Each structure stands twice: as structure tokens, then as C-alpha cells.
*Asks:* 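Please read through the structure below; I'll follow up with questions.
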Protein chains: 2
Amino acid sequence: MSSLLPMGEREKSLLRTMPFISSLIGEASDQMVESASGVHCEARDIIFRQDEPSDFFYCVLSGYVRLYRLNRDGREADIRLCGPEDTFAECVLYAEGGYRYNAQATDTTLLCRFETRSVRRLAERYGAIDKAMVGVISGHFLESMDCIANDRLQTAPQRVANYLLNACEGSVETAQLRLPFPKSLLAGKLGLAPEALSRAFSTLRGSGVTVHGRLIEISDPEALRNV
Amino acid sequence: MSSLLPMGEREKSLLRTMPFISSLIGEASDQMVESASGVHCEARDIIFRQDEPSDFFYCVLSGYVRLYRLNRDGREADIRLCGPEDTFAECVLYAEGGYRYNAQATDTTLLCRFETRSVRRLAERYGAIDKAMVGVISGHFLESMDCIANDRLQTAPQRVANYLLNACEGSVETAQLRLPFPKSLLAGKLGLAPEALSRAFSTLRGSGVTVHGRLIEISDPEALRNV
DNA sequence: CGGCAGTTTGATTAATTTCAAGCAAGGTGG
DNA sequence: CCACCTTGCTTGAAATTAATCAAACTGCCG
């Protein structure tokens, strides 16, 4: 079960490094930090469920959180995977109604929790908070439109190639990367069944991708771009 | 070709009824309206292309605009379909870089165009503009997450059923609705080929859906919910 | 009466899910 | 120290779903 815990100095200073807080200065930043609570989760803890009253939004300090929706037969679809520095459920700040999806920790995870009401009140005083929120939400919105486009025009190997290229951004020659989470989570993030991800990786072997557990080597980024 | 046109009184008062303007009051609202230009488009006019510098964002006064992305082979995927009262590309206000997708009028369409730089400057003066933007963008972000979830867990007939139910919101008994755009656009919006939409409609005949051109009759909303 | 855009229908193909089974690494308890 | 189990991943085969290709149909307009 997830447990509330007071924010220590360590957590506070970690929180201050998160993009959406670090874009604030002075009192606005201090008050946001002071208004936050810590939440500690273990793997598979549910943080909130769809339709529950949306009184809080969150920022991930460490670990990963999966946002997903259920259909009537109990099948799950991942909507987003949030890692360190990501915030989630911030839309509830200005959109009424309960949460629109479920949130689950995938691992030991440390979160900051903000009370919607308090932050709204703070935003009355410090306009910079609204600006920070627009920035954060815009970024998420663009990401989610990318996701829709990718789902609709890419095959499984293309999605994986795309993910790998973004993940090792910049490397021109051979690159190596280590997945920060199990492959099954990556599959969900890309909208694939784990089996489909596995098969996509074997297809990509032909384009210079070698997989050893979570360690992935990319010998020819150019080939990957042409998948 | 789309053409810039001065905002007449008719256009200005129409603009004032758009949700994201009407949430503003007094000067903030006036200045936003004064800063807008009108754009008139004919069917198939391109409003902007992916990677072009994103100097403007838009609000639809009448008509429909299709946001879509191309892949390398020239296949298109729709990301969003914007109708009257919708704004699009507002994310560019706080996210740098060019447009992330193409925008095309699907019909004779009247738009308001806002210059990003001016609106940013206005927002310095009137914090309410930031609040309005958070509201608008949050709404779009939630919609796009719905879209991801629906794409990932619903079959074609389910997506169509879902669309119909949302479109005739509230009606308990039999309902009728008229599509405001051709079926091919609806197909794109739902992430389907036109043929798949057509087949989905014939499947739904078994759940009390009758189609006459753009006119759709739903004899049993309950059955539709169970598709 | 053509002609055309939009839509439907049929046949085929492609991609992915689903189900089932096997494999490998790591951890546990005897 | 080893047999056993668990978890995560891979592989194969079958089934589903929708895309694609091709052709026919419909209503509307000149």
C-alpha cells in the first residue's frame, strides 16, 4: 500500500530540481514546495483510480508510474508512462470531474503530491504558476499527439526504432542504452503486446539492434531511421 | 488559397462567443479580440505545414480543420478534427519549435489567427489569459488521452458506437443526428480507413443504427453501449 | 444523360493479438 | 549446493482485425 510521508530536506531539494518547479522563482517556488506531500509506493500500488475525485496531482521524484484505462472486459491500455521529472494528472487543475484513468506504480516509487485546491489558490497569487502549468501541459499534449500519430502510422518495428532513436538522441555512431524498466512496460507504452515487442526486436536485429536483457546496442542509427 | 481578411464586427462578436475568449473579461478579452486577424479558407487549403515556424495559433469560427501528420511514404494520419469553437496549435505559445503537424481546411472555413508573440505579451499583462489557456489545453490533452485509449482498446464498431453516443449525449430514447462533415472525415478522426467506417456502420445496423447519407438514427442507445 | 465525388462491397493481404508452450536467470529452501 | 519455482521474455501457430486494392453503386449537378 502507498504511504504518505513528510517531505524531508532531501525530498524538497530533489523537488526543486524538477522542471516545472525550477521554472518558478522566489516565493512561488517555495510555497509550491511547502505545499507538497511525499508519497511512497511499492510495485503495483494503485495511486488513484478512474472516476475517483481528482483532488491531487503528482510529480515523480523516482520510479515509474503507469497511466492506463480499462475497458469493460478488463483489458488494459496504457496511456502514458511517467518517469522522474514527469508530472501527471495536472489537467485536473482546470478540468472538472474525477480522474480519467488509473495510475499505478510499477516499482518502488517516490512521488510528490499537490493538492489541487491549494495550488489553485497559490496560482491566484503567483501568475508564474499558471505559466509553468501551461508549459508542462503543452509539452504533454504535444507528446500525446505524437503518440496518436505514431500509433496510426507506424508498425511495431517502426515504433520501437523510433523509441530507440529518441532515447539515444544525438549519438551519431553506435550507441548503447539501458531500459530503465522491464520490456513489458515498454510494450505497453508503445501500444503493443509484449510478444509483439519481442518480435519487433528480432526484426530490428536486421538493422543492427542487439538486445541483452535491458541492454540495447544500436550499431547503425542510420539504418534504424530507414526502418 | 487561404486569404487574410480584416475582422469585421460580425466576426468579432462571433469570436467573443468562443469559450476561450468568453472566459476572459474586460480589457483582456477586448485586447485578444483586437489582436486577432481573420483567415478565410476554401476546401483543401493548407493552413500550415509541419516544421514551419509556429508564429500563430488559431480558433475555428466556422467550418472544419483537419490536423494530420505524414509519414515518409506519404501516408496521412489524422490527429484531430477541429470544428467551430475549437482552437488549435495553442501549444506553440509555450512550446518552442515549429508546428508539429499539418493543418488543412476541409471545407469553406473561417478562422481567427492569433500571433503568438502578441498573445504572450498580452498574457504578461493579463494573467487571466494564462488561466484560459491552461483550461483550453487541459481539455485538449484529456481528449487526446481518450483518443489514445480508444485507439488501443476499441474495435472499429466500438469506436463508432462511442462516437455516436457522445454526439447524441443525453438522449435516452431514440436519437437522430446529422454528421457535420463527410464520412471520410469521421473515418480519419476515428483512425479508420473509410471502408472500415462503412463496414462498422453495417455491423452497427444490428444494434439499431440506421444510416441515410449524413443522417444517422439510433433506435436503441442501450444496445449501442453494449457493443 | 453523362460525370463525378463519396460511399459501399467484395476479395485479398498485412499486421498484430491471443493462446500455448518453452526457455533462461535469479532466488529460495531443503 | 542443488532442485525447484517464479518472473520475464521469447517463439510458434491460429485467429482477429483492419488496411489495401479493385470494382460497383448512388445521388447530385451541369
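For clarity, every value in this text was computed on a predicted model and none was experimentally measured. Lettering of chains follows the sequences in order, A, B, ..., and the numbering in each one begins at 1.
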*Asks:* Once you round to the nearest 0.5 Å, how far does OH of B:Tyr94 lie from CZ of A:Phe141?
*Replies:* 16.0 Å

*Asks:* Atom CZ of B:Arg159 and atom SG of B:Cys147: how far apart are they, to the nearest 0.5 Å?
*Replies:* 8.5 Å

*Asks:* How close do A:Arg152 and B:Leu190 get, counting heavy atoms only, and between which atoms?
*Replies:* NH2-C, 3.5 Å

*Asks:* Kindly write out the residues that satisfy salt bridge (Lys or Arg N to Asp or Glu O under 4.0 Å) with A:Asp146, not counting sequence neighbours, or none if the list is empty.
*Replies:* B:Arg69, B:Arg100

*Asks:* In terms of relative ring orientation, are B:Phe20 and B:Phe114 parallel, tilted or perpendicular, with 30° and 60° separating the classes?
*Replies:* perpendicular

*Asks:* Can you pull out the residues from residues 190-206 of chain A that lie within a 4.0 Å heavy-atom distance of DNA chain C?
*Replies:* A:Gly191, A:Leu192, A:Ala193, A:Glu195, A:Ala196, A:Arg199

*Asks:* Using atom types as modelled and distance alone, determine if a side-chain donor or acceptor of B:Asn102 lies under 3.5 Å from a backbone N or O of B:Tyr68.
*Replies:* yes

*Asks:* Contacts to DNA chain C from residues 149-166 of chain B, heavy-atom cutoff under 4.0 Å, which residues?
*Replies:* none

*Asks:* Output yes when a side-chain donor or acceptor of B:Thr203 lies under 3.5 Å from a complementary backbone atom of B:Arg199, and no otherwise.
*Replies:* yes

*Asks:* Within this structure, what is the CZ-to-C1' distance between B:Phe181 and C:dG6, rounded to whole angstrom?
*Replies:* 15 Å

*Asks:* I need the full list of side chain to side chain donor-acceptor pair (under 3.5 Å) pairs touching residues 36-50 of chain B, with sequence neighbours left out, sorted by first then second residue.
*Replies:* B:His40-B:Glu42, B:Glu42-B:Thr108

*Asks:* Before you tell me yes or no, could you show the steps for A:Arg66 and A:Gln104 under side-chain hydrogen bond (donor to acceptor under 3.5 Å, both in side chains), namely the whole-Å CA-CA distance, both residues' side-chain angles and the distance that decides it to 0.1 Å?
*Replies:* CA-CA 5 Å; A:Arg66 193 169 74 93; A:Gln104 179 187 42; 3.1 Å; yes

*Asks:* Closer to the 5' end of DNA chain C via nearest nucleotide, is it A:Arg75 or B:Arg214?
*Replies:* B:Arg214

*Asks:* So where does chain B start and stop touching DNA chain D, 5' to 3', when the test is distance under 4.0 Å to a non-hydrogen atom?
*Replies:* D:dA18 to D:dC21

*Asks:* Under the rule for ring pair (Phe, Tyr, Trp, His ring centres under 6.0 Å), what residues qualify as partners of A:Tyr64, not counting sequence neighbours?
*Replies:* A:Phe181

